[in-house]
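The block underneath contains the structure these notes are about, expressed in structure tokens.
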Amino acid sequence: MPLSPALSAPQKALLKLGLGRDIDLALHLPLRYEDETRIVPLRGAREGDTVQIEGTVTVCEVAFRPRRQLVVTLQDDQGDSCVLRFFSFYPSQQKALAVGTRIRARGELKGGFLGWQMVHPVCRPAEGELPQALTPVYPTSASLPQNYLRKAVLGALKRADLSPTLPAAVDQEMGLQPGWDLRRSLGFLHQPTPEVSLAALEDRSHPAWQRLKAEELLAQQLSQLQSKRERAALSAPALRAAAAGSLPEQLLAALPFQLTRAQHRVSEEIARDLGRELPMHRLLQGDVGSGKTIVAALAAAIAIEAGWQCALMAPTEILAQQHFGKLIGWLEPLLAPRGQRVAWLTGSQKKKERAEMLQLVASGEAALVIGTHAVIQEQVQFRNLALAIIDEQHRFGVAQRLALRSKLVDALREPHLLMMTATPIPRTLAMSYYADLDVSTIDELPPGRTPVVTKLVADSRRDEVIQRIRGQLAQGRQVYWVCPLIEESEALDLTNATATHEALGAALPGVMIGLLHSRMPPAEKRAVMALFTSGRMGVLVSTTVIEVGVDVPNASLMVIEHAERFGLSQLHQLRGRVGRGAAASACVLLYFSGEGGRLGETARSRLRAMVETSDGFEIARRDLEIRGPGEFLGARQSGAALLRFADLATDTDLLEAARRLAPVLLDRHRELAERHVARWLGGRQDYLKA
Ligand code: ADP
Ligand code: MG
């Protein structure tokens, strides 16, 4: 039986919003402010302004036309009047607005030939002084009224420990204005005086905002640094790079190509990490098609040669299959003579097969374990896992990344971790969330790629696109046609792809046209792919299954239908399927502008970005601008809004200063630093560490 008294509905709502501690409430800043400090005379007021007026009620009656409403006329001290209308109202309201009462009404002023009006203004009796400060409006939920929240925040502000945690020198280094400490800044932001520039509050350039942003960024940098140091206290098995004739060498010798300089460089960076007793925590980034898979295979080969197991994961089953098909092709023939195997683990596996695989993993017979996040589930017991590789790491949730880090080798050792991404992390993000991460970049594509020309074409010009396909086919080239993504329903995806497949068949007689979608049996998929790869199939119509992994250098044209529905990095990945051979290649983004003939703003900026650049880094930067950092961080799944005040895109100076100062603080003022992190991050530290 709980001994504490039951919580009221607003108290529960507070907890639900993460506002349990006084400090959480103190850091819960207003969305905007309302100015109730002034009374505006109607004479000289402007239409459309939200204002507070004061006067005496001269009329209060219920009218029935055009519909039932309470109509109140308010006359201000200059003798001008304004009609207040309420379409839903209580008898108590009607009473409070009786003729002769003096009230204050706040709302948006509308003009009109009947004179001034306000619909559903907020009214209160005109008694007492006007407030001295702007009235804050907080982000809240339905069960938590503004007034309750305002009082809770003010109470918390008085109680919370807001004593400085940053030495004065730090304030100075970060360019913070003297006098604006945390207490004053928060007090001000919750109740700004009316003469403040609303612009400075809105664009967050006010010294009070600077203080909050700086402290937040420092908290985040400190927390990252702490976890980096904690990690340094753990060790990992040192996987020494190999002697002549070892697995990595055999692998290199068997490849049909030479590594690029960039691939060499990053492979060496990784090998160096693996050779240490410090757990590697490295992100390998490289554009689509830059050749990350072979780098991963080399790392795996080092681990296996040293007598350990390696696990490789992708976010979905299709991705896992496609990403690693090649890798298995390279490694399996080399492992077989050594009596070692590759195990495959996914959620959709039959029980019996899964049990067999788990057995292979536990006994160590499987030197390499590939799959989805099924690879890190609790039941999976490795014999000796020394290296975990995650592809498309940003698509994994935080919880999954944490689970992976719990697969310890033994009490004191954890596996090395290599993460890979084709969505390069913008510099600001790399410096902040990924401060606890070493980054290797493949900044060069394998030779023989040609740049892809990207064109935006309205769907009404579909015929021209088909003409273009004919042209490519006549030159012996091949074409991808990617069908729209319909978020809610895979079944609809399929209907659409089937219809397109038929329509293209009718328009291009005599051409072999294939259809590929995620619900086809694997054998059928393989058969279709084999026909396309061999060059006999001219056009491949597909849902987004081909997003990754498909490699047909003769394909020179990609059409993406309903391109406006795709995310930017997905479009970029898709486009990476063409331009892999010597032929000039193109990508046509077919868009539907909908009823009003206009694309939404974000869709338009995505498509524009695709036309303007094919540089993965630039694409990632714009994606960050368009979508915000959540997507890069996998924060969508965690639901944790990570940075509330600072904006990584614009607060670069503060971020750089915080990054520079964090180690100094942690070394020289450990206690303060720890208090600072606890105050700012509370229970959310784990998320930041993942
Ligand atoms: P991604 O970085 O997108 O995962 P992949 O590893 O799938 O790229 O490589 C894309 C294609 O380039 C594959 O067909 C791969 O075999 C090929 N490739 C990788 N490295 C080289 C290289 N150094 N020279 C030629 N082709 C390469
Ligand atoms: Mg890949």
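Each ligand, and each atom within it, is numbered from 1 in the order the structure gives. If you're wondering where the values come from, they're calculated on a predicted model, not measured in any experiment.
- Atoms of ligand 1 lying under 4.0 Å from any heavy atom of Gln258, numbered from 1 in the order shown and given with element: 22 (C), 23 (N), 24 (N).
- Paired with Val541 under the rule side chain to side chain contact (heavy atoms under 4.5 Å, CB included), one option of Val528, Leu516, Thr498, Ile513 passes, and it is Ile513.
- Just one of Leu387, Asp438, Leu417 meets the side chain to side chain contact (heavy atoms under 4.5 Å, CB included) condition when paired with Met280; it is Leu387.
- The distance criterion of under 3.5 Å between nitrogen or oxygen atoms is met by Gly291 with respect to ligand 1.
- Taking only nitrogen or oxygen atoms, main chain and side chain alike, Gly286 does not reach within less than 3.5 Å of ligand 1.
- Within ligand 1, counting atoms from 1 as listed, the ones closer than 4.0 Å to a heavy atom of Asp287 are 2 (O).
- Judged purely by atom type and a 3.5 angstrom limit, Arg577 has no side-chain atom pairing as donor or acceptor with the backbone of Met558.
- Under 3.5 Å, the side chains of Gln340 and Arg338 contain a donor-acceptor pair of N or O atoms.
- Every atom of ligand 1 is numbered from 1 in the order shown, and the set under 4.0 Å from a heavy atom of Arg580 is 10 (C), 11 (C).
- In this structure Glu612 satisfies the side-chain hydrogen bond (donor to acceptor under 3.5 Å, both in side chains) test together with Arg622, sequence neighbours excluded.
- Between Gly291 and Gln263, the shortest heavy-atom distance links the atoms O-NE2, 2.9 Å.
- Going from atom CD1 of Ile302 over to atom CH2 of Trp308 covers 15.0 Å, rounded to the nearest 0.5 Å.
- Interface of Thr260 with ligand 1, defined as ligand atoms under 4.0 Å from a residue heavy atom, comprises 23 (N).
- Ligand-side atoms of ligand 1 in range of Ser290: 2 (O), 8 (O), range being under 4.0 angstrom from any heavy atom.
- The residue among Pro446, Pro553, Pro256 with a heavy atom at the shortest distance from atom 27 (C) of ligand 1 is Pro446.
- Atom numbering of ligand 1 starts at 1 in the shown order; those under 4.0 Å from a heavy atom of Leu259 are 23 (N).
- The atoms of ligand 1 that sit less than 4.0 Å from any heavy atom of Thr293 are 4 (O), 5 (P), 6 (O), 7 (O).
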